[in-house]
Amino acid sequence: MNSQTSSHQNPSAGIYFHIPFCVKKCPYCDFFSITDLSLKDPFLDALFKETALVQDGDFSFDTIYLGGGTPSLYNPSEIGGLIDSINRCFSIQPDTEITLEVNPGTVNRHRLEAYRKVGVNRINIGVQSFQQGQLEFLGRIHSNEEAVETIRVARQTGFSNMGIDLIYGLPGQTASSLILDLKKAVSFDPEHLSCYLLTYEPGTRLTRSMNAGRFLPLSDEQTGNLLETTVAYLDVNGYMQYEISNFAKSSEFISRHNSKYWNFTPYLGLGPSAHSFFPPERRWNHSSLPPYLADIENGKPPVAGRETLTRQQQIMEAIYLGLRKTKGINTEKFERFFSSDFLNMFKDALETLTDDALIVLDSNHCRLSRKGMRFMDSVAKVFVNAGAF
Ligand code: SF4
């Protein structure tokens, strides 16, 4: 199938590659990642085979996202090979957004230049912080200087669509410490910024340290204040918030790929632990390498499970994901998709939430208010509890 012959009746879908290797496991991380780099070659062979094995009907794709893990542990010809294999096996549109996540400490000028030449047109740099103490707390492999150097070189080598990831909400973090990071990030004029709240996921080393009383996490109120500081600082500096953790210089630079997750658009996930979503079906790959590699060896897609979302589950997902976006839930689209009137379906919940100033209803959208952003989970629960739909 190629882009010229594909049907365009379906929305453009996205492809995600999960590359599971990291130099070192960060203590807060609960993504599937491993540090045994000796498996890099067999894994890459398997990923090529998976690409050829998977079939997803008549979809055309306009985003490819290489994430992980640390995809920049693969050299440019390997990354270019993956992009080529996707082009051979799927209908890929000519203006496809191709994002590579890179971690400082794993790339240099030559490598970045070569990634661009093999087709990567968007780079997302996992900086997390520009402050050495915070980088150490987060267990990152890179220094502040390496983060700065990676950003500079990415620009010099011609990346004109660059994202920087930051983490906020570290124990003891104050608004002024957060602003130091934001100020430094903004000084490089990136097209995109992601500011993720540090979370304490079950089973991570960081959560164990916290539970052992080695540090005191910030309260919800403190992290809510830091989110407001972030939104206000970035707004003044020309970045619009379009999702709870994501900011872009203009609508042109909104992450096209990640928007598919929030917009309920189909996506294909390749690699261990990757999820795919072709409504109403969701499926997910094995989250460990041995069964993943074994299935592929036997010519089987490495799928660990699948579920067909009920209408109720789809509605709840559309609400959860829609609330994450600053534009909110598109009620017209909702009505077209579910053939039901949104305002009528959630009449009581909407009344309560509006009275509490947690949501705002405006033309065709239902979105969180500034106050509601702090209580997203509670707001979503009010919709869940709204009952039969
Ligand atoms: S580099 Fe990223 S994926 Fe790897 S361990 Fe750290 S946070 Fe997890």
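Whatever order the structure lists them in is the order used to number ligands and atoms, beginning at 1. Side chains included, hydrogens not; waters and symmetry mates left out as well; all remaining heavy atoms used. Remember, it's a predicted structure, so these values are computed and weren't measured experimentally.
For atom 4 (Fe) of ligand 1, the nearby protein N/O/S atoms, meaning those under 2.8 Å, are Cys22 SG.
Below 4.0 Å from some heavy atom of Arg140 lie the following atoms of ligand 1, by number and element: 1 (S), 2 (Fe), 6 (Fe), 7 (S).
Phe337 has its ring centre less than 6.0 Å from the ring centre of Phe264. Aromatic ring centroids of Tyr267 and Tyr16 lie 6.0 Å or more apart. The distance between the ring centers of Phe43 and Tyr292 falls below 6.0 angstrom. The six-membered or imidazole ring of Tyr242 lies near that of His192, with a centre-to-centre distance under 6.0 Å.
In this structure a side-chain-to-backbone donor-acceptor pair under 3.5 Å is present from Glu101 to Gly68.
Tyr28 forms part of a hydrophobic cluster together with Phe137, Leu138, Ile167, Leu170, Leu198, Tyr200, Leu206, Met210, Phe215, judged by ILVMFWY side-chain heavy-atom separations under 4.5 Å.
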